[in-house]
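Each remark here refers to the structure printed beneath this line.
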Amino acid sequence: MKKLHPEYGFNTLAVHSGTAPDPTTGARSFPIYQTTAYVFDDADHAASLFNLQEPGFIYSRLTNPTVAALEEKLATLEGGRGGTVTSSGHAAETLALFPLMAPGMEVIVADKLYGGTINLMGKSYQKFGWNAVFVDTDNPEAFRKAVTEKTRAIFIENLANPGGVVVDLEAIAKVAEEAGVPLIVDNTMATPFLCQPFEWGADLVVHSTTKFLSGQGNAVGGVVIDSGKFPWLGNSKFPSLSAPSPEYNGLTFAETFGDLAYTMYSHAISLRDLGCTQSPMNAWITLNGIETLPLRMERHCSNGLAVAKFLEKQANVEWVSFAGLESSPYFELGKKYLPEGTGSVFTFGVKGGYESGLKMLEAVKLFSHVANIGDTRSLILHPASTTHRQLTEEQRIAAGAGQEVIRLSIGIECVEDIISDLDQALNCL
Ligand SMILES: *Cc1c(COP(=O)(O)O)cnc(C)c1O
């Protein structure tokens with residue numbers, strides 16, 4: 001793991017970064033700044049804030065101290081330059097593309113993705129005139145072949161949903177670099193504890209913080225983190241960042257803000273106009289959740305591996321897709337990119353297809369049947385009848401969510417209890 005800080009390691013930063021004691025009150029838990037607006041010192045102060053000549057708080061759609069603390073913590077843990085927290089993971093995906101895209105432009109997208117992302121990019125983006133070009137996740141050459149003059153970004157999911165797919169980050173980052181466009185990695189499933197995509201050449205990272213980062217299934221949120229390394233300056237492909245902005249007195253983001261250009265644009269324009277801001281309350285919940293991320297991820301990973309090994313041996317189970325198993329085609333990539341563990345969200349196929357899938361959901365007792373992942377609790381889902389329901393059968397199979405597929409998100413309970421619940425449920429089929 002790259003050294004994120006001259007003095008402190010990851011676990012220390014997970015607890016402390018972004019959340020120093022409150023200088024006014026001494027409060028040790030970071031306060032929830034539940035306010036909409038901030039008093040200006042005088043008219044000049046207000047003007048310079050609005051002109052982006054001075055940093056400070058104006059209105060909580062753009063910035064808020066609790067949300068800013070979360071931005072700092074997440075940017076630190078990913079080894080990035082700046083972050084923009086959003087109301088949800090989906091909002092983060094759109095916000096990540098907003099400074100880059102324009103009508104008629106293309107984003108190359110891996111085909112193994114969270115089902116909602118396939119809908120968002122494949123269908124809704126057409127309304128903006130943004131074209132998502134889907135390519136085979138497992139083939140970096142397919143990404144290279146899809147590059148055109150109109151390509152403005154490449155988007156992939158690390159440890160892809162719904163089941164145990166490890167993407168060749170370094171190879172795809174090389175394609176993006178040669179194409180002169182940023183690589184955006186959805187790092188929701190791995191979290192920065194297991195993998196930091198910037199280390200492998202990614203330019204932007206997005207998360208649904210709803211999952212492992214907040215960690216307890218109680219706050220929807222997202223974030224976009226910028227590495228600060230992409231060369232926007234003078235780059236005619238990205239006029240939002242490289243051309244003068246009339247609404248801010250003709251300033252050019254890349255020139256004025258340097259390696260913070262993308263993050264400044266995301267607050268001053270993307271959040272200002274799209275308004276997909278996170279509430280201070282949710283930011284506070286997520287800040288607290290992240291403090292225990294390393295501990296939870298260790299347990300999630302060890303429980304996940306033990307459950308996958310158990311399932312692999314069961315007669316009612318056709319296959320298990322978990323990158324930590326030696327039988328997985330992603331085992332070697334997993335060792336390279338996720339040496340500490342390959343997460344706890346994965347799929348397996350039950351014998352008997354759709355019917356058995358539904359029976360399994362009814363038979364489990366400890367597992368909750370929910371459309372979420374990354375909770376302390378163990379969760380179960382049948383993607384074909386829920387999250388991937390709106391896709392065609394062909395898209396479902398491409399996304400690893402066919403009729404017989406069950407998705408598990410293994411929690412941090414006693415592993416023997418999790419296994420015995422699955423054991424009794426499999427015996428009911
Ligand atoms: C859940 C999820 C999303 C969407 O995030 P929301 O917070 O639900 O909007 C995006 N990507 C991945 C990998 C996810 O798991």
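Atoms within a ligand are numbered from 1 in the order they appear, just like the ligands themselves. Here the structure is a predicted model, which means the values were calculated and not measured.
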Which atoms from ligand 1 have a heavy atom of [X] less than 4.0 Å away?
X      : answer
Gly89  : 5 (O), 6 (P), 7 (O), 9 (O)
Gly221 : 7 (O)
Glu93  : 10 (C), 11 (N)
Asp186 : 10 (C), 11 (N), 12 (C), 13 (C)

Q | Identity and separation of the nearest protein heavy atom to atom 1 (C) of ligand 1 | A |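 Atom 1 (C) of ligand 1 sits closest to the protein heavy atom Lys211 NZ, 1.4 Å.
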
Q. Of all the non-hydrogen atoms in the protein, which one sits nearest to atom 4 (C) of ligand 1, and at what distance?
A.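 Nearest protein contact, heavy atoms only, for atom 4 (C) of ligand 1 is Tyr114 CE2, 3.5 Å.
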
**Q.** Arg28/Asp22 under salt bridge (Lys or Arg N to Asp or Glu O under 4.0 Å): CA gap, chis, key distance, verdict
**A.** CA-CA 7 Å; Arg28 190 60 194 88; Asp22 180 52; over 6 Å; no

Q: For Phe367, check ring pair (Phe, Tyr, Trp, His ring centres under 6.0 Å) against everything at least two apart and list the hits.
A: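 With sequence neighbours excluded, Phe367 shows a ring pair (Phe, Tyr, Trp, His ring centres under 6.0 Å) to no residue whatsoever.
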
Q) Would you find more than 12 non-hydrogen atoms of other residues, nucleotides or ligands less than 6.0 Å from Glu326 atom CD? A)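 Atom CD in Glu326 is not packed in, count stays at 12 or less.
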
Q: Please say whether more than 12 non-hydrogen atoms of neighbouring residues, nucleotides or ligands are located less than 6.0 Å from CD in Glu178.
A: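 It does: Glu178 CD has more than 12 such atoms within range.
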
Q: Report the part of Ile373 (side chain from C-beta onward, or backbone N, CA, C, O) that has a heavy atom under 4.0 Å from ligand 1; answer both or neither where that applies.
A: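 Looking at Ile373 and ligand 1, just side chain atoms fall under 4.0 Å.
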
**Q.** salt_bridge(Lys365, Asp421) N-O dist < 4.0 Å
**A.**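 No salt bridge links Lys365 with Asp421.
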
Q) Can you tell if the side chain of Val107 reaches within under 4.5 Å of the side chain of Arg152, non-hydrogen atoms only? A)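 The answer is no, as the side chains (C-beta and beyond) never meet within the 4.5 Å cut-off.
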
